[in-house]
Amino acid sequence: MEPKEVEEKIIKFWEKEKIYSFDKKSRKKIYSIDTPPPTVSGNMHMGHAFMYSQMDFIARYKRMRGFNVFYPFGTDDNGLPTEKLIEKIKNVISKNMSRTDFINLCLKTLKEILPSFVQDWKNLGISCDYGKMYSTIDDNSRKISQRYFLDAYKKGLIYKKEFPAIWDTTFQTAVAQAELEDREQETLFSTLRFKVKGSNEEILIATTRPELLGACVAVFINPNDKKNKKLAGKKAIVPIFNHEVPIIEDKSADMEKGTGILMICSYGDKYDVDAVIRHKLIPRIIINKDGTLNINPYKGLSIKKAREKILEDLKNKDLVKEQKKIKHFVNVYEKSGTEIEFIPTIQWFVKILDFKKDFINQAKKINWLPNHMIKRYENWVNGLDWDWIISRERHFGVPIPIWYCEECNEIVLANESELPVDPTNISKKCKKCKKKATPETKVLDTWATSSLTPQIVSHLYENKIKIPYSLRPQGHDIIRTWAFYTIVRSFLHEKTIPWKNIFITGNVTLKGEKMSKSKGNVVDPQTILKKYGADALRYWAASSKLGDDVEYQENDVIAGKKLVTKMLNASKFVFMNLKKKPKKPKKLEKVDDLFLDELNNVVSTSTIRFEDYNYSRAKFNVDEFFWKNFCDKYLEIVKWRVYNGNKEEKESAFYTLYHSLLTILKLMAPIVPFVTEEVYQTYFEKYEKDKSIHISDWPKSDKKRREKLQKNRAYYELGLIIDKIRQEKTKAQKSMNSEIILTLTKEDKSKIKELIDDLKHVTNAREIKDGEFKIEFT
RNA sequence: GGCCUCGUAGGCUAGUGGCAAACCCUCUCGUUUACACCGAGAUGUUGAAGGUUCGAUUCCUUCCGAGGCCACCA
């Protein structure tokens, strides 16, 4: 059978036998995973394959360790990407439909496209429980999201306020600090001439945003600025618009920057917002929500057009002292790429600034893997300047379950029993004045819902899953959003941490750059899966340390493919002569017993590594043991007995082969689940109690054997001597099985005194003499 | 400007206060009773300098280089 067919067969077997289903009735300890719900848009990409493989190693290990693993699967569908996808597939425009209709269409479409989307994850061998999937836009998610909104409101953690919020003029919505990106841009840095009232004096102010002149509300100078000191308290006259603004001393003005004098506009940036509030200035709002100006003579022009026009006008009036091109960084909204504006609107905020310390304390209670990733989190929390804006002026999303009284502005909350609710579908009356209340039309930020994945999923399973969960796996790019907001919600609502461990995965790079669609350097995992199989791809994903970015190398995938082949072949050899389950012989051959000590040692190190979430080291150890120790050494050593040995010698060999192969397969099962299952089903299943290797017990390390190994490393010494002999044979350009006469030092001989016969057989030595190490060919 | 991570063979990565490891590539051999999707071997001033130490690739300091996060962007 082709590997692909084998994998398909095994996937079907797992599904049929419900190997990965969460068992609600089980009394086993629960290991719960807050699986990241991927956004449904196209197919699985390499970053997904990398990250989901890594979390799957842990899930599979824990399952074999006897945990009742809770590993759900969901999709994140309440954001812009889904809205666009549905619009494209169904050829509709979201805003032309009612929200409820669009959500229903979305749910219906998801049902259609989900099976093929999820198939990518199944094909990779991701062992989630696919039986009960969730979507962040489904009824349960909307219900929980709205319930927690109401809860926060009742607790006074959410407030509504008119505030110059970060605004995206493309999508015309407020956005959160976490959704901003930096972009380097070339722009004109113009030094403009302002007049001082009551004199002919001129002051020079540099700006990159001359179109905001009409919004200028003050001019700042530094109190230590001796040169400009005399201006303090006077009024400046804004060019073109000719309105007067106060000249204020403010120590935040940097004498080194620009001309040392700056203008405050409502609002150019965050600094302006602070300045206006601090000095209680009356804002002049000249930018509309759609990014046009509302002030003559630039009314209706876009920001960009207005900037060009005003510079032209300024130049014509000789108001531009000088102009130069500079490169600087601007804040853009990550989804639109448009420069953000600060526009006063009424928005809903979650109080987060008051709790910065708590959020850091909460994070410290969580085990961060790798540890240093907590620094990024702390960095982010310390740098927060805004409360979290959770309302969005989007059509699609989880509606805010609120109505306002038109008369007295009283807020009417949805009842718990009504959830999930779209307030635009229900009419409510104000409790105070009995007048009709208007529905809130805004929706919640997608993070406001996805930050509740532990609660959402737990609710789906009748709250059997307790918070904190055992593990949150996620990428480092969303520490400031998903990880942060989830910690925020669990703390604000429940005063708890959401999970005990957080496992941060790195990016996949190609030629040193992050693999991403926009850079056009993507490799499609489906092609790789078809060519080399899922085990091979997972093998590659296991090759780097947790949290590190990793360079995609097809060579590593090929190495994984080779391992799969080797495992099949080694298993074939083991069972070639073995017709029934070997019993433990009364007495093991010495070399077998010593080999089992070595095997026991790998069990021990591999277990320690997995307990540490260090799957890459575990894989490395087992892989090396299998290849070097088991295949190259032990199988060669044991061959003579398998072919020529007497009954006892054979029994000892068969027992050791059976036991060690099964152990190695189990140790590798989390990494390469398909080939290990295939071998298990073909050879072991009929003798073992478990129907799948993935629910079989993880091998136990035996303390006595570990102690024995400390005292006796004869097997290891034997290996070294074998290597030396092979080296000599290679040097002499002889074949590995060429017959030799071996001379060994007394020291070497005594190290392996119980294994002399094994050495003879494996190196085809006719006799072993005493003396300096040497080999002679017969 | 602040913080974080990384720098190990031609490539991609492990690892350790005591002989530096695997895989791929290249080269030289061998092999066909598990495996040619095979086996054996060859390939290194561990980015640089200094310090701690009997001993540093590992710990510390500085520098150089790469990447990331954040801030600043009048």
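Residue numbering restarts at 1 for every chain, and letters A, B, ... go by the order of the sequence lines. This one's a predicted model, so the numbers in the text were calculated from it and none came from an experiment.
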Phosphate OP1/OP2 of B:rC23: any A:K628 side-chain N/O under 4.0 Å: yes

Rounded distance in Å - CG (A:L384) to C1' (B:rC69): 13 Å

Sugar-phosphate, base or nothing in reach of A:L635, heavy atoms under 4.0 Å: base

Separation of the P atoms in B:rU52 and B:rG15, to the nearest angstrom: 29 Å

Rounded C1' spacing from B:rA48 to B:rU57 in Å: 14 Å

Euclidean distance, atom CG of residue A:L661 to atom C1' of B:rC35 [Å, nearest integer]: 14 Å

Short side-chain N/O contact from A:T730 to OP1 or OP2 of B:rG39, under 4.0 Å: no

Nearest-angstrom distance from the residue atom CG of A:N382 to P of B:rC70: 13 Å

Touch class at under 4.0 angstrom, heavy-atom based, for A:E636 against every strand present: base

A:V550 vs A:S252, nearer the 5' end of RNA chain B by closest nucleotide: A:V550

Closest nucleotide among B:rC12, B:rA14, B:rC3 to the A:N379 side chain: B:rC3

Separation of B:rC24 P from A:F620 CZ (nearest whole Å): 13 Å

Closest nucleotide among B:rC12, B:rU32, B:rC72 to the A:D556 side chain: B:rC12

Under-4.0 Å side-chain N/O to phosphate OP1/OP2 contact, A:W540 with B:rU13: no

Nucleotide opposite B:rC38 in a Watson-Crick or G-U pair, distances under 3.5 Å: B:rG30

P atoms of B:rC6 and B:rU16, separation to the nearest Å: 12 Å

Sugar-phosphate, base or nothing in reach of A:A559, heavy atoms under 4.0 Å: sugar-phosphate

Distance-only side-chain donor-acceptor flag, A:E598 / A:Y716, under 3.5 Å: no

Which nucleotide in B:rG41, B:rA71, B:rA14 has an atom nearest any side-chain atom of A:K270: B:rA71

d(CD1, A:I203; P, B:rA74) in whole Å: 17 Å

Sugar-phosphate, base or nothing in reach of A:N331, heavy atoms under 4.0 Å: base

Complement of B:rG67, any strand, by Watson-Crick or G-U distances under 3.5 angstrom: B:rC4

Inter-nucleotide P distance (B:rA22, B:rG44), Å rounded: 14 Å

Salt bridge A:R183-A:E339, side-chain N to carboxylate O under 4.0 Å: no

Phosphate OP1/OP2 of B:rC24: any A:K562 side-chain N/O under 4.0 Å: yes

Complementary nucleotide for B:rA21 - Watson-Crick or wobble, under 3.5 Å: B:rU13

Over-ring placement of A:R376 relative to A:W368, 6.0 Å and 45° cut-offs: no

Under-4.0 Å salt bridge between A:K251 and A:D225: no

Identified pairing partner of B:rG44, criterion: Watson-Crick or G-U wobble below 3.5 Å: none

Touch class at under 4.0 angstrom, heavy-atom based, for A:F575 against every strand present: nothing

Options B:rA74, B:rA14, B:rU5, nucleotide nearest the side-chain atoms of A:S544: B:rA14

Rounded distance in Å - CE (A:M736) to P (B:rC38): 16 Å

A:D269 side-chain proximity, nearest of B:rA74, B:rA14, B:rU5: B:rA74

Paired nucleotide for B:rU61 [Watson-Crick or G-U wobble; both distances under 3.5 Å]: B:rA49

Per A:T208 side chain, nearest of listed nucleotides B:rC35, B:rA71, B:rA74: B:rA74

Separation of B:rC73 P from A:L180 CG (nearest whole Å): 15 Å

Sugar-phosphate only, base, or nothing, as touched by A:N569 at under 4.0 Å among non-hydrogen atoms: base

Between A:F342 and A:W386, ring centroids under 6.0 Å: yes

Sugar-phosphate only, base, or nothing, as touched by A:A732 at under 4.0 Å among non-hydrogen atoms: nothing

Sugar-phosphate, base or nothing in reach of A:M576, heavy atoms under 4.0 Å: sugar-phosphate

Side-chain N,O (A:K731) to OP1/OP2 (B:rA42) below 4.0 Å: no

Atom C1', compared across B:rG10 and B:rC25: separation rounded to whole Å: 7 Å

Minimum-distance nucleotide (side-chain atoms of A:R480 versus B:rA21, B:rA74, B:rC69): B:rC69

Proximal nucleotide (of B:rC35, B:rG30, B:rC37) relative to the A:S735 side chain: B:rG30

Near-ring test A:F50/A:W540, centroid separation under 6.0 angstrom: yes

Euclidean distance for P, B:rA21 against B:rC27 (whole angstrom): 24 Å

Polar side chain donor-acceptor pair, A:N569 to A:S571, under 3.5 angstrom: no

Touch class at under 4.0 angstrom, heavy-atom based, for A:R617 against every strand present: sugar-phosphate

Ring-ring centroid check A:Y333 A:W167, cutoff 6.0 Å: no

Given B:rC35, B:rU5, B:rG15, the nucleotide with the shortest approach to the side chain of A:H372: B:rU5

N/O (side chain, A:Q553) to phosphate O (OP1/OP2, B:rA22) under 4.0 Å: no

Donor on one side chain, acceptor on other, A:Y539 and A:D623, under 3.5 Å: yes

Nearest-nucleotide 5' precedence on RNA chain B, A:M255 against A:W380: A:W380

B:rA42 to B:rC4 separation - C1' atoms, rounded to the nearest Å: 40 Å

Ring centres under 6.0 angstrom apart (A:W388, A:Y485): yes

Spacing between A:K734 atom NZ and B:rG30 atom P, to the nearest angstrom: 10 Å

Closest to the A:K545 side chain, choosing from B:rC6, B:rG41, B:rG68: B:rC6

P atoms of B:rU28 and B:rG65, separation to the nearest Å: 41 Å

A:K566 side chain near B:rG39 phosphate (N/O to OP1/OP2, under 4.0 Å): yes

